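From a predicted model like this one, the values you see are computed outputs, not experimental measurements.
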Amino acid sequence: MVLCVVTMMFVREDSIKISTVHEGSGGDVTLNDALRPHLSSELSLELAEYSRKGTVMLTFGGGRPVVMIVAGVHGNEIPPQVAAVRLSEQLLSMDIRGTVHVIPFAAPWATMKNSRWFTGHDLNRSASIRGSVTNSIFRRACEMGVDALADFHSTAPGSKPGVEGVFCSEEPEHESMEIARYITSRTSSKLLCYEKASSHYRGALEDECNLAGIPSVTCEVLSENGVVREGSDGRSLLQMRLFLKYMGILS
């Protein structure tokens, strides 16, 4: 079993903290043909190098509120991973209030392989299983006292949900729905709300966080698997920035 431990912590000159959330999930994300063209900045290449060893988290700012942004739970959903890299690059020069933790590649090995699966498992059904990548992310969010979490995905046409949208639940964390309403009211995203977290299936990162008292949403944009549909990365980035605005991180 792989435990959620920080095996590496590095602080750049610009005060960004880079840490490992999960070992054993590493891979060379530059081998993903759809992702590689978007990895050209110094920060993105440094991130790709660290991701060879495991799931890497970037930390910006300090103090409250504390939020976490996750992408790449499904390695073949490329637009949100591109968006998370772009957001990280933008946060370098932004005046932010609070702390932003960004995990651009939840499972670098799956991203490298352009695969939905990691070691035969769907990580968005595994957050309740101790030792899984998403469970490590979940437990890290709990340990750090995260105030809210957003997990970013893309969905292929004809699949579920097959539309741009934001998943949330009314209970037990009502703020999950409020976050989703804020994002959907300012985009073309559809509100996809369940009455209770985990009522339809167990193990989604969003649901496990809501059950643990961390208001969380899952944001989807429309793009075929394994590619970046034109504009889809920008749509995902917009969802991320709106999440940060709702939380008061960005003005």
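Ser25 places no side-chain N or O within 3.5 Å of a backbone atom of Pro108 that could act as its donor or acceptor partner. Side chain of Glu170 to backbone of Cys193: no donor-acceptor contact under 3.5 angstrom is found. For the pair Ser51 (side chain) and Gly26 (backbone), a donor-acceptor distance under 3.5 Å is absent. A donor-acceptor pair is defined here as one N or O able to donate and one able to accept, closer than 3.5 Å; no such pair exists between the side chain of Asp233 and the backbone of Pro79. Side-chain atoms of Gln239 come within 3.5 Å of backbone N or O of Glu220 as a donor-acceptor pair. Between the side chain of Asp147 and the backbone N or O of Val67 there is no donor-acceptor pair closer than 3.5 Å.
Considering every non-hydrogen atom in both Ser176 and Ser216, the closest pair reads OG-O, 2.7 Å. The nearest pair of heavy atoms linking Ala148 to Ile179 is CB-CD1, 4.2 Å. The shortest non-hydrogen separation linking Ala156 to Leu222 is C-CD1, 4.1 Å. When all heavy atoms of Ser126 and His121 are compared, the pair lying nearest together is OG-CB, 4.1 Å. Listed here is the closest heavy atom pair of Thr155 and Gly162: OG1-N, 2.9 Å. Annotation for Ala110 and Trp117: closest pair CB-O, 3.7 Å, computed over non-hydrogen atoms.
Applying the under-4.5 Å side-chain rule to Ile, Leu, Val, Met, Phe, Trp and Tyr, the cluster around Leu192 extends to Phe167, Tyr194.
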Passes side-chain contact (heavy atoms from CB on, under 4.5 Å), Tyr50 versus Thr20? Steps please. CA-CA 8 Å; Tyr50 282 125; Thr20 302; over 6 Å; no
Checking side-chain contact (heavy atoms from CB on, under 4.5 Å) for the pair Lys245/Arg186: CA distance, chi angles, key distance, verdict? CA-CA 11 Å; Lys245 285 186 178 182; Arg186 289 158 177 79; over 6 Å; no
Stepwise side-chain contact (heavy atoms from CB on, under 4.5 Å) test for Ile183 and Cys219: CA-CA 9 Å; Ile183 296 172; Cys219 299; 4.0 Å; yes
Checking side chain to side chain donor-acceptor pair (under 3.5 Å) for the pair Ser188/Arg235: CA distance, chi angles, key distance, verdict? CA-CA 9 Å; Ser188 59; Arg235 301 295 300 170; 2.8 Å; yes
Go through the steps for Leu91 and Val102 under the test side-chain contact (heavy atoms from CB on, under 4.5 Å), then give the verdict. CA-CA 10 Å; Leu91 288 172; Val102 183; 4.2 Å; yes
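There is a side-chain donor-acceptor pair under 3.5 Å between Ser41 and Glu89.
With rounding to the nearest 0.5 angstrom, the OG atom of Ser88 is 4.0 Å from the CZ atom of Phe60. Phe105 CZ to Asn32 CG: the interatomic distance, rounded to the nearest 0.5 Å, is 9.0 Å. With values rounded to the nearest 0.5 angstrom, Leu87 atom CG is found 10.0 Å from Leu92 atom CG. Distance CG/Leu238 to OG1/Thr187: 6.5 Å, rounded to 0.5 Å. Rounded to the nearest 0.5 Å, atoms CD1 (Ile249) and CE (Met240) are 14.5 Å apart. In this structure, the separation between OG on Ser236 and CD1 on Ile78 is 11.5 Å, given to the nearest 0.5 Å.
Here the side chains of Leu250 and Ile96 are in contact, with some heavy-atom distance below 4.5 Å. Here the side chains of Ile18 and Val56 are in contact, with some heavy-atom distance below 4.5 Å. Side chains of Arg130 and Arg139 form a contact here, defined as non-hydrogen atoms less than 4.5 Å apart. In this structure, the side chains of Ser189 and Glu164 come closer than 4.5 Å at one or more pairs of heavy atoms. The side-chain heavy atoms of Met68 and Met57, taken from C-beta on, include a pair separated by under 4.5 Å. Residues His153 and Glu206 form no side-chain contact, since every pair of their non-hydrogen atoms from C-beta on lies 4.5 Å or further apart. Val85 is not listed as a side-chain neighbour of Leu43, based on a closest heavy-atom distance of 4.5 Å or more.
For residues 222-251, the pairs satisfying ring pair (Phe, Tyr, Trp, His ring centres under 6.0 Å) are Tyr182-Tyr246, with sequence neighbours left out.
Val221 and Val166 fall into different hydrophobic clusters, defined by Ile, Leu, Val, Met, Phe, Trp and Tyr side-chain heavy atoms under 4.5 Å apart, directly or through other members. In terms of hydrophobic clustering, with Ile, Leu, Val, Met, Phe, Trp and Tyr side chains grouped at heavy-atom distances under 4.5 Å, Val227 and Leu35 are assigned to different clusters. Note on Ile214 and Leu211: separate hydrophobic clusters, where clusters join Ile, Leu, Val, Met, Phe, Trp and Tyr whose side-chain heavy atoms are under 4.5 Å apart, directly or indirectly. Following chains of ILVMFWY side-chain contacts shorter than 4.5 Å, one cannot reach Val70 starting from Ile129, and the two form parts of different hydrophobic clusters. Cluster membership for Val217 and Met177, using ILVMFWY side-chain heavy atoms within less than 4.5 angstrom, is not shared.
Salt-bridge formation is not detected for the pair Asp207/Arg202: no Lys NZ or Arg NE/NH1/NH2 atom is positioned less than 4.0 Å from an Asp or Glu carboxylate oxygen.
Remark: His101 pairs with Thr59 by the side-chain hydrogen bond (donor to acceptor under 3.5 Å, both in side chains) rule, at least two apart or across chains.
Each of Ile16, Leu58, Val29 was evaluated against Leu47; a single residue qualifies, Leu58, per the side-chain contact (heavy atoms from CB on, under 4.5 Å) test. Of the candidates His74, Glu77, Glu224, Ser154 forms a side-chain contact (heavy atoms from CB on, under 4.5 Å) with just one, namely Glu77.
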